[in-house]
2 protein chains.
Amino acid sequence: MSKVKRKPKRLVNKPLNRQKLIQATLDSIVDVGIENTSVTEILDKAKLSRGMINLHFDNKESLLLEALKFYTDIYNQTFYKQLESVKTASPAFKMQTMVAHDLDICVLNRDYVVIWYEFRGKARTNELYRQYTDTRYKRFRDTYYSICTELVKAEPLQGVSSKSIAHGLITMIEGMWIDFYLHSDSFKRSAAKKTFFIYLTALFPSQFTHKGALK
Amino acid sequence: MSKVKRKPKRLVNKPLNRQKLIQATLDSIVDVGIENTSVTEILDKAKLSRGMINLHFDNKESLLLEALKFYTDIYNQTFYKQLESVKTASPAFKMQTMVAHDLDICVLNRDYVVIWYEFRGKARTNELYRQYTDTRYKRFRDTYYSICTELVKAEPLQGVSSKSIAHGLITMIEGMWIDFYLHSDSFKRSAAKKTFFIYLTALFPSQFTHKGALK
DNA sequence: GATTATAATGAACAATTGTTCATTATAAAA
DNA sequence: TTTTATAATGAACAATTGTTCATTATAATC
């Protein structure tokens, strides 16, 4: 008789505590590194009891993967938002916008970069991590390749493929991130941007200027 | 009476087993990552008994540090040998030589790069590791800065500091290493070299050509 | 207020970590 | 050959790892 309906109950705090665990995991990675991020460490930070990780996630590994997923989503969202906003603009403006994004404080900040490299350090020996890090990397690379192709079309260079040029630029951005990761204290966002535009101007003098502005 | 002299004995195999442990540690880092490099893993690889790490080194941490030291010495030796060999050459030739070294298979190979990034991943939270990785990085950077200064002196660029140029080049080399680390299967040494020389030629057209040769 | 579904707890678990040290093996010196 | 110094062994250790699950707490429904 009373078997009419048993609806879900008490789901108010569950998603909240789930998110707490993800945040505590990311905090722990920043504080003590992914290597020393134990369940004890995470639960101390989240101020939750010992069984919570295995209640909300199957195991510690799943929690770490969800944290990585949550993290990469942030970058993807801002990256694509920027890309969308310059869809019809000139290639030079596209390049300027995307470089500005990748050197912006909302993406190139201490915590953010640390988390990225901690996860990617484990990606080599962890198939699942590699999936996420490689996907992000591919999108990032494809975007810059595409913009470089447009730049070369607008201003052809003799005997130089747009592929090679894109390769160099992508490599440089990656190097900038590493530079920030290693020396975030002395790293100067403006200097990085300037350096970047020196190289762009050397290759495409009719589309850029050293000062980072467009022609 | 018989207290005349007690000379050291049986020191034949000790250094040999010590080196075995260092090599097994590096092998383990390549195989399973520094995170999963346990004493059990190392000793299995070295085919030595359980107590050996604490006999030859104070503890596991010391062994890892000695392995890092052994590793960085290899790079430093070849790097300085090359640098010494071009001491009196033109800046362009110096640049060509050092880039060739840093993209050469004896330094840019799978095992070598993996070990480097595994250690550097831990360097952020490990003061001692950081000392070694930072020292190597500083030497590397100083060398390229110095060569760039010479290049700019030979061919001044208006409104562009040699510091910025060096910054870009160093950043690109670092990025090439990362690229190799992440995609050693598809990485093409020749393509990397070519890309590098495109940028050098764009900046210093009277000292380089796209083909990687000197003018 | 009583019932019920489930979120949260934390003691207990087996497995693995790095380290210790009494014991054994071995090569050089007496 | 005997003695001696020390290199090597591996069982035993305490500490820490991630996971389990019987118990308790709590909010929605009856």
Side-chain angles (χ1 to χ4, degrees), chain A residues 1-25 28-29 31-68 122 125-126 128-129, chain B residues 1-25 28-29 31-68 122 125-126 128-129:
Chain A
M1 287 297 132
S2 64
K3 211 62 183 297
V4 185
K5 52 178 180 177
R6 287 275 145 264
K7 283 290 169 62
K9 299 178 175 183
R10 297 256 328 269
L11 41 89
V12 183
N13 287 325
K14 213 182 176 189
L16 191 128
N17 281 336
R18 193 191 133 97
Q19 189 55 36
K20 261 190 197 170
L21 287 170
I22 288 176
Q23 197 52 57
T25 302
S28 169
I29 289 172
D31 280 3
V32 297
I34 202 164
E35 189 200 26
N36 303 314
T37 293
S38 60
V39 300
T40 307
E41 181 73 34
I42 294 168
L43 292 166
D44 280 358
K45 279 202 155 56
K47 285 183 177 122
L48 291 171
S49 62
R50 195 139 187 78
M52 283 296 259
I53 286 175
N54 302 86
L55 177 74
H56 286 269
F57 306 88
D58 278 6
N59 46 47
K60 184 199 168 189
E61 204 48 38
S62 295
L63 166 55
L64 278 167
L65 198 64
E66 288 301 314
L68 174 57
K122 281 193 71 174
T125 49
N126 186 314
L128 288 170
Y129 291 2
Chain B
M1 284 300 129
S2 65
K3 211 62 183 297
V4 185
K5 51 178 179 175
R6 287 275 146 265
K7 284 290 168 65
K9 298 177 174 185
R10 296 253 335 266
L11 41 90
V12 183
N13 286 326
K14 214 183 175 188
L16 190 126
N17 282 335
R18 193 191 134 96
Q19 188 54 36
K20 262 190 196 170
L21 287 170
I22 288 177
Q23 196 53 56
T25 302
S28 169
I29 289 172
D31 280 2
V32 297
I34 202 164
E35 189 200 27
N36 302 314
T37 293
S38 60
V39 300
T40 307
E41 182 74 33
I42 295 168
L43 292 166
D44 280 358
K45 278 201 155 58
K47 288 185 176 119
L48 291 171
S49 62
R50 196 139 186 77
M52 283 296 258
I53 286 175
N54 301 87
L55 176 74
H56 286 269
F57 306 87
D58 278 6
N59 46 45
K60 183 197 167 191
E61 204 49 39
S62 295
L63 166 55
L64 278 167
L65 199 64
E66 289 300 315
L68 173 57
K122 283 193 70 176
T125 50
N126 185 314
L128 288 170
Y129 292 1

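Lettering follows sequence order; numbering is per chain, from 1. Just so it is clear, the model here is predicted, and its values are computed rather than measured. In what follows, every heavy atom counts, from backbone to side chain, and hydrogens, waters and symmetry copies are set aside.
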How many whole angstroms separate atom [atom1] of [X] from atom [atom2] of [N]?
X: B:L16; N: C:dT26; atom1: CG; atom2: C1'; answer: 16 Å
X: B:E41; N: C:dT17; atom1: CD; atom2: P; answer: 9 Å
X: A:D58; N: D:dT20; atom1: CG; atom2: P; answer: 9 Å
X: B:L43; N: D:dG10; atom1: CG; atom2: P; answer: 11 Å
X: A:L55; N: C:dT9; atom1: CG; atom2: P; answer: 9 Å
X: A:D44; N: D:dT16; atom1: CG; atom2: C1'; answer: 13 Å
X: A:I53; N: D:dT19; atom1: CD1; atom2: P; answer: 8 Å
X: A:N59; N: D:dG18; atom1: CG; atom2: C1'; answer: 9 Å

With the side chain of [X] defined as its heavy atoms from C-beta on, choose the nearest nucleotide among [options].
X: B:N17; options: D:dA12, C:dG10, D:dA8; result: D:dA8
X: B:K60; options: D:dT9, D:dA7, C:dG18; result: C:dG18
X: B:N54; options: D:dA8, C:dT20, C:dA8; result: C:dT20
X: A:L48; options: D:dA8, C:dT9, C:dA7; result: C:dT9

Where A:T37 and A:S28 come nearest, the two heavy atoms and their spacing: OG1-OG, 2.9 Å
Once you round to the nearest 0.5 Å, how far does CD of A:E66 lie from CG of A:D58? 10.0 Å
Distance col, row B:L43:CG vs B:T25:OG1, nearest 0.5 angstrom, shows 8.5 Å
Of B:K47 and A:N36, the one whose closest nucleotide on DNA chain D sits nearer the 5' end is B:K47
Considering just the side-chain nitrogens and oxygens of A:S38, establish if one lies under 4.0 Å of OP1 or OP2 belonging to D:dT17. yes
Output yes when at least one side-chain N/O atom of A:H56 is less than 4.0 Å from OP1 or OP2 of C:dA7, else no. no
Is it true that A:N59 and A:S62 share a donor-acceptor pair across their side chains at a distance under 3.5 Å? yes
Under the criterion side chain to side chain contact (heavy atoms under 4.5 Å, CB included), I'd like the reasoning laid out for A:L63 against A:K60: C-alpha separation, chi angles, the key distance, then a yes or no. CA-CA 5 Å; A:L63 166 55; A:K60 184 199 168 189; 5.5 Å; no
